[in-house]
Amino acid sequence: MEPIPYNKPFLCGNEIKYIREAVKSGKISGNGAFTQKCQRFFEDKYGFGKCLMTSSCTDALEMAAILSGVGEGDEVIMPSYTFVSTALAFARQNATIVFADSRDDNPNIDENQIESLITPRTKVIVAVHYAGFCCNMDKICEIARHRNLILIEDAAQAFDSYYNERPAGSFGAMATFSFHETKNIISGEGGMLAINDPKLFSRAEIIWEKGTNRADFSRGKVSKYQWVDIGSSFLPSELISAFLYAQIEKSGQIQLKRLKLWNLYYKLLKPLEDKGYISLPHHSSESSGNGHIFYIVCKNAKQRKKIADYLGEKQILAVTHYLGLHKSPYFKERYTGAPLRNCDRYEDTLLRLPLYYEMRLEDVKYVCSTLGDILDYLNVK
Ligand SMILES: *Cc1c(COP(=O)(O)O)cnc(C)c1O
C-alpha cells in the first residue's frame, strides 16, 4: 500500500496552458483577462456583489479589516478556534479581538454566546465556516442586523458550501476565500474578497490597487491615477489567476469527488460513532458541506495521539488542527475573557483524516478499517 498523505494538490490540466496564454498576451501583472474571468465566475455563479482576487485569504481579510473601518478601541468578535489570519488582519488595524467559544457539537462559533460579548465598542462579527460547514447564519445575520454590526465571513474553507441553499460568502457585508494549495480549488497561494455591500465597492478597488484610483483610470473615468487612500498591492499577478481559472473550470468535478469521499467516510465511520468510540461531524440540516475536511472528534488527547500514531504506522497521515488563538504566545497576555472550553477540547481532540481529489474510494475504506482496528483494540484493552 502506498502511503496516504493528508493532502495532495490536484492539477486539472489547463493550468500551464492558461499561464502560457497570459504570458503570450503580454499582460502578466494583475487585473488582466484571467483575473476578470475568475472574478466574473464568482459573481455570476454565487451572486456575490463584487469580487476582487487577492494574493491570499490573509490579504482578503486585511482588506476586509481596512474596509470595516475598525481602529484602536473597536472590538471584533470571532471564534478562537480558527486560523491566525482571521485575527491577525484585525489586530493589524489595532482593533481589540474578542474571542468566542465554539459550539458543543462542532467547531463553529457558538452563536448563542455572541450577544453576551457585544459592548458599545463592538463593530464587527467574523463568522468562520469551519471545514466548509456554515455557521448558524440565520441567527448570526439577525444579531448583526439588529445590533448594527458589520458581518464578515471567513469562507476560506467554504468554497461552494451552502446554508439554506444560499452560498457561503453571500451573507456578510464581505467574505474572504482562500486558494492555498490545501483548499478545494487552488493556485498555490491565492485568495479573494467578495464584497456584498455596494457602499464598499469603490473603496475596495482603491485599497486593492495601492491606495490609487487606478480602476477608474482603466475605465477612462479619470485621466490620471493618483494616491487617494491607504491600501496595498493586494492583487495577484495574471499567472496566479490563469492557474486558478483552470481549477475553476473543473470545480464542479472536484466538488463531486470530494463530497463522494466525504460521504463515504461518514457512512463507514458511523458504526464507530454508534459504538461510542469517537464523534463524527455534526451540523444542522441547513448547512451543506463542500467536502473540504473530514474530521473526527476523539475522546481525549491521549486517545487522539494513539489513533494518530497507529494510523502513521500504517502509512496514513492524519493531522490535528488549530491551537486556540486566545492562548497563543502573541495573545495570551492580552486575553481577558472566560475560559473557552469547547475551543480547548477541539484543540485536544479533533483529528483530520486524509482527503484529496485523487484519493481513491479504496483508500477511504483502508483508512476507515484501520481506524476501526485501533479503536476496537483501544476499547478491549
Ligand atoms: C486557509 C485559511 C486562511 C488563510 O488563507 P491563506 O490563503 O493561506 O491566507 C484563513 N482562514 C481560514 C479559516 C483558513 O482555513
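Note that ligands are numbered from 1 as they come in the structure, with each ligand's atoms numbered from 1 the same way. All values below come from the heavy atoms of this structure, side chains included, with hydrogens, waters and symmetry mates left out.
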Note: heavy atom closest to atom 3 (C) of ligand 1, options Phe83, Tyr130, Phe179, belongs to Phe83
Closer than 4.0 angstrom, basic N to acidic O: yes or no for Asp101 and Arg341? no
Assess the side chains of Gln255 and His292: does a donor N or O sit below 3.5 Å from an acceptor N or O? no
Give the ring-plane orientation class for His283 versus Tyr295, where under 30° counts as parallel, over 60° as perpendicular and anything between as tilted. perpendicular
For Glu189, is at least one N or O under 3.5 Å away from an N or O on ligand 1? no
Closest approach of any protein heavy atom to atom 12 (C) of ligand 1, naming residue and atom: Ala156 CB, 3.3 Å
For Lys183, is the nearest heavy atom under 4.0 Å from an atom of ligand 1? yes
Cys57 and ligand 1 - part of the residue with a heavy-atom distance under 4.0 Å: both
I'd like to check which ligand 1 atoms, numbered from 1 as shown, lie under 4.0 Å from a non-hydrogen atom of Ser56. 7 (O), 9 (O)
Using a 4.0 Å cut-off to any heavy atom of Tyr322, which atoms of ligand 1 qualify? 13 (C), 15 (O)
Going by the rule side-chain contact (heavy atoms from CB on, under 4.5 Å), which residues pair with Ala158 if we only count those two or more places apart in sequence or in a different chain? His129, Ala155, Ser161, Ala168
Mode of Phe177 contact toward ligand 1 - side chain, backbone, both, neither (heavy atoms, under 4.0 Å): neither
With only distance considered, is Val128 within less than 3.5 Å of ligand 1 through an N or O on each side? no
Nearest protein heavy atom with distance in Å, relative to atom 11 (N) of ligand 1: Asp154 OD2, 2.8 Å
Strictly under 4.0 Å, does any heavy atom of Ala60 approach an atom of ligand 1? no
Atom SG in Cys12, atom CD in Glu249: separation rounded to 0.5 Å? 9.0 Å
Would you check whether Thr58 has a nitrogen or oxygen atom less than 3.5 angstrom from a nitrogen or oxygen atom of ligand 1? yes
Find all atoms of ligand 1 within a distance of less than 4.0 Å from any non-hydrogen atom belonging to Gly190, and give their numbers and elements. 7 (O)
Any cation-pi pair here, Arg352 with Phe294, using under 6.0 Å and within 45°? no
Answer yes or no: does an N/O atom from Thr82 fall short of 3.5 Å to an N/O atom of ligand 1? no
Any Lys/Arg nitrogen of Arg219 or Glu205 sitting under 4.0 Å from an Asp/Glu carboxylate oxygen of the other? yes
Students should find that the hydrophobic cluster of Phe159, defined by side-chain heavy atoms under 4.5 Å apart, otherwise consists of Phe10, Tyr18, Phe34, Phe41, Phe42, Tyr46, Phe48, Met53, Tyr162, Phe177, Phe179, Ile185, Met192, Leu244, Tyr245, Ile248, Ile254, Tyr357
Basic-acidic side-chain contact under 4.0 Å: Asp110, Arg103: no
Write out the residue and atom name of the closest protein heavy atom to atom 15 (O) of ligand 1, then the distance separating them to 0.1 Å. Gln157 NE2, 2.8 Å
Are the side chain of Tyr335 and the backbone N or O of Ala338 linked by a donor-acceptor pair below 3.5 Å? yes
Do any nitrogen or oxygen atoms of Ser178 come within less than 3.5 Å of a nitrogen or oxygen of ligand 1? yes
